[in-house]
Number of protein chains: 2
Amino acid sequence: MQYSKSTDYALHALLHMAHTRRRDNIGIKELAASLGVSESYLSKIMSKLRQDGIVRAVPGANGGYELAKPPGRITFLDVVRVIEGRQRLFECSNANSRQHRMLAEESGSEPAGDLPDSDECLVKQVMDGAERHLHQYLQEHTIQSLLDAAASRERSRTAGRK
Amino acid sequence: MQYSKSTDYALHALLHMAHTRRRDNIGIKELAASLGVSESYLSKIMSKLRQDGIVRAVPGANGGYELAKPPGRITFLDVVRVIEGRQRLFECSNANSRQHRMLAEESGSEPAGDLPDSDECLVKQVMDGAERHLHQYLQEHTIQSLLDAAASRERSRTAGRK
DNA sequence: TTATTATGGATATTCGATATCCATAATAAA
DNA sequence: TTTATTATGGATATCGAATATCCATAATAA
């Protein structure tokens, strides 16, 4: 289980845009060259970011992309959600298995009507908790966090110089 | 990004083994039937669990599988690691990109010799943090947690009965 | 000896991730 | 208005991992 390269590209593209801040926007050509990725593929990713309101796009000569929000308001979770989609970290494919029926019967739920829901799966409940933890962390980190980290790294280097 | 079905099968198989505790072991036939999965496929998964010392296997008539440790010592992280492998949650595929070279220069690192390591990628550093959080959570939850949750669910149901 | 059961190799299939090409629309510059 | 530039989105191709099955073999109990 691994985040896709697309997520990697998206995050690096946003970092690049936030880092090399200037008045005009950045074309896909420069962006792709900077990241070492093909323009074709990166443009798909940028389109997704635009559709989700993370970046703005201007077609035509001297067009390109720019951040649609301040870097502090673009969280890692935002990016992951757009690129990776909304699928859950874990899905129980055994909802109607004999095991779940057994557990449901034991706990004495009414036999009529209520099929054992996937939400009743104990394994999934734990995994959903894991997903919540992961997402909370991703929500607490933004593109601005990257800029801060870069600045901090710079500072410590300068201070430690002989 | 999603945990594989194999992880789902593995966790449910372990829950089944821990739940229907008896003196003898459980054959792949019964296990597969309970989970609604093919014996062929499940046996691959069980082999992995055996190689990692999570279950024991006995071939021959009346053979089968049994837990090799108490349920409280089998963590979700153990299972995930065995089934999903050791690959990281995030890999930076841009380590030698122009962006990373720029950031490296800015921070004034020596130009000679030290190529920008993947570990120096700011994006990856955040993602590594996310992975640590996720793994910590998974390590805190065991097969025993599932048994406890089942018992707790049973208790609350019984208490709330009219 | 025989029946049962796990093991592991080989192989097939499916599907999402990755990637590219091209026609089109939109915009700025000339 | 014309032209060049740039983003957009559809179509398509490729690749690899996940999923799944089959079968020969080894190990064990009856």
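Proteins get letters first, then strands, A, B, ... in listed order; numbering begins at 1 in each. In this text the structure is predicted, and so the values were computed from the model without any measurement.
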Mate of C:dG8 where both pairing distances stay under 3.5 Å, Watson-Crick or G-U: D:dC23

Under 4.0 angstrom between B:Ser6 side-chain N/O and D:dT19 OP1 or OP2: yes

Sugar-phosphate only, base, or nothing, as touched by B:Tyr9 at under 4.0 Å among non-hydrogen atoms: sugar-phosphate

Euclidean distance, atom CG of residue A:Leu35 to atom P of C:dA19 [Å, nearest integer]: 13 Å

Heavy-atom check, side chain of A:Leu146 versus side chain of A:Phe76, under 4.5 Å: yes

Straight-line distance of B:Asp78 CG to B:Leu14 CG, nearest 0.5 Å: 10.0 Å

Pairing nucleotide - D:dA30, Watson-Crick or G-U, each distance under 3.5 Å: C:dT1

B:Val58-B:Leu49 co-clustered via ILVMFWY side chain contacts under 4.5 Å: no

Sugar-phosphate, base or nothing in reach of B:Gly63, heavy atoms under 4.0 Å: sugar-phosphate

Identified pairing partner of C:dA28, criterion: Watson-Crick or G-U wobble below 3.5 Å: D:dT3

Nucleotide D:dA20, atom P - distance to CD1 of B:Ile83 in whole Å: 14 Å

Within residues 41-53 of chain A: residues closer than 4.0 Å to DNA chain C (heavy atoms): A:Tyr41, A:Lys44

Phosphate OP1/OP2 of D:dA30: any B:Asn62 side-chain N/O under 4.0 Å: yes

Touch class at under 4.0 angstrom, heavy-atom based, for A:Ser40 against every strand present: base

Euclidean distance, atom CD of residue B:Gln2 to atom C1' of C:dC15 [Å, nearest integer]: 13 Å

